[in-house]
Protein chains: 2
Amino acid sequence: MLALVLEGAPRIDPRRAEPERKPDEALVSVRVAGVCDTDLQLARGYMGFRGVPGHEFVGEVRDADDPSWVGARVVADINAGCGACEDCVHRGGHHCETRTVLGILGRSGAFAERLTIPTRCLVRVPDAVVDDVAVFAEPLAAALHVLDEAEATCAARAVVLGDGKLAQLIGRALAGAGLSTTMVGHHPAKLDLARRAGIDTTLEADLAARHRGADLVVEATGSERGLARALELVRPRGTVVLKTTVASPITVDLAPVVIHEIRLVGSRCGDMKRAIVTLASGRVDPLPLIAARYPLIEAAEALEHAGRKGTMKVLIDVLDRAQ
Amino acid sequence: MLALVLEGAPRIDPRRAEPERKPDEALVSVRVAGVCDTDLQLARGYMGFRGVPGHEFVGEVRDADDPSWVGARVVADINAGCGACEDCVHRGGHHCETRTVLGILGRSGAFAERLTIPTRCLVRVPDAVVDDVAVFAEPLAAALHVLDEAEATCAARAVVLGDGKLAQLIGRALAGAGLSTTMVGHHPAKLDLARRAGIDTTLEADLAARHRGADLVVEATGSERGLARALELVRPRGTVVLKTTVASPITVDLAPVVIHEIRLVGSRCGDMKRAIVTLASGRVDPLPLIAARYPLIEAAEALEHAGRKGTMKVLIDVLDRAQ
């Protein structure tokens, strides 16, 4: 099959071996995939990943033990846990020690014509949610997961630090859940994009006293300064959600965390069912975030484009769109 | 009155002005006070505090608007909030922006014959709780507050990093609440003290694989290495409670916080009523933690003693014990 492969620089392999479907797994034809910053990091050697990357996708089930899945349009939880350990049984398996993660850890990913994933990871996509919307389910699930970490009531005041792809989805997720949300960034054009989705925005340079005392601050800049800024803006006993990793150790004064009894919570993958329900409701419209699209044969160019500063979501059309 | 005063080096003032009782405040005769590391930090210039320090005490009410308080043996919440702001109304007032804090911020403290504190801060001490036990209510409240920050079920496995005064109380608080608790320290004698209270202990050098994966890790060492160690020991989606401040910014790799979705929570003062109920129940016995006691006239020596490496709780007898 046709696939993008990471073994050194990203390259197209027109004759990549098909993934083998194990019992309890589904074979899925990918329709559309999305490029995430994690893919770019993998391409730079993160986690020593070799193989087919890609974990944001919508596809169609070609084969599964349970025939009722065959033909279904689906997205999937990318974390394929063992299903038996304490983390899988009690906490959803996103931290199962023997898990594979689609296109990230031990499992061939979505920048290919076909992939396999445990059937229990599948989530059906309603007809009303078109492919270009459904492909946002995985990053939107991660964005919505922020709501699990905070006392996120409608009265809450939230600040999102960052104006990139993920920050845009987080802003939409929080505003869609009724939180009074302000997005803080450096790029007027990106903040415009958020404003058109009904989110308050401010340039970081224009932060003022009224932005302090937030119940929830989401750090989604990935910059070393982000955490210190978040600690300035959150109220005592408020929550700071760390959504992006900074590659190297950072130097930070954590005394305010103790003095103001702040909660600092790391947040990663979320619930795919909730993401699909949210997309189906129309509360979050991801379509304005699509910056470009490439056919699978040009997936290396898609990654290169996604890596250009300021680029929003780049999609990869895997299903021949003429079909 | 007789008082210890911080204005430069700690010194005894035999003619310190009496604190003036305002409406809604109680005038309290201090019976016994305890020396906390915060007092030692204030003596070194922390927070620019000048005046009478001391916030761990048990005393007797001498005067109050409500005569039913007069004669009552009491402890008190040291945070005297305004009573009207959002933090006071909804979150207990420990982070009220205009609060005073007994012996720490804008309010004369307990290393003196008398103090004043809002009557609403008072908690009655049952007869069964003797002075030397009741004086531990404030630090025990802070220790028990750790339970508020974690999913602290009886099935939980907790690790306390540190074997000092506060760590000893935290270990007892968690074990008393039914958590499987291990205290990690550097000092065999201090760990013995914890072991005699029924707490599992280990030298930090002897930490092994079985100590990893804890549901809750409490950082109570105050050392720069503590947080990194805590992040090694906590399970994915577990909680790290930061109980002590490190004076200067630290360099730390927070990527594990995001990857493992760890909660990092700062924790300070707790609920004094719960502390008194816990002490009355006998679930926590603080008496073995008393290292020395000094009369108020020797309070400067008490602070000096408390500052010696490895010293547990030093008490100050304010009430003439011959009475």
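Here is how names work: the chains are called A, B, and so on, in the same order as the sequence lines, proteins then strands, and each is numbered from 1.
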Pair His94(B)-Glu261(A), side-chain donor/acceptor within less than 3.5 Å: no
Chain B contacts, top residue of Asp87(A), Val240(A), Ile262(A) (heavy-atom pairs, under 4.5 Å): Ile262(A)
A quick test of your reading: do over 12 heavy atoms of other residues, nucleotides or ligands sit less than 6.0 Å from CD of Glu204(A)? yes
Tell me, do Pro249(B) and Val252(A) make a side-chain contact under 4.5 Å, heavy atoms counted? no
Using heavy-atom distances under 4.5 Å, tell me whether Ile259(A) contacts chain B through its side chain, its backbone, both, or neither. both
Any idea which of Val241(B), Val257(B), Leu227(B), Val258(B) has the most non-hydrogen atom pairs under 4.5 angstrom with chain A? Val258(B)
Between CG of Asp148(B) and CZ of Arg237(A), what distance do you get to the nearest 0.5 Å? 8.0 Å
Quick one: CG on Leu254(A) to CG on Leu264(B), what's the gap to the nearest 0.5 Å? 7.0 Å
Where on Leu242(B) is there a heavy atom nearer than 4.5 Å to chain A: the side chain, the backbone, both, or neither? both
All heavy atoms of Pro236(A) vs all of Arg91(B), minimum pair found to be O-NE, 4.3 Å
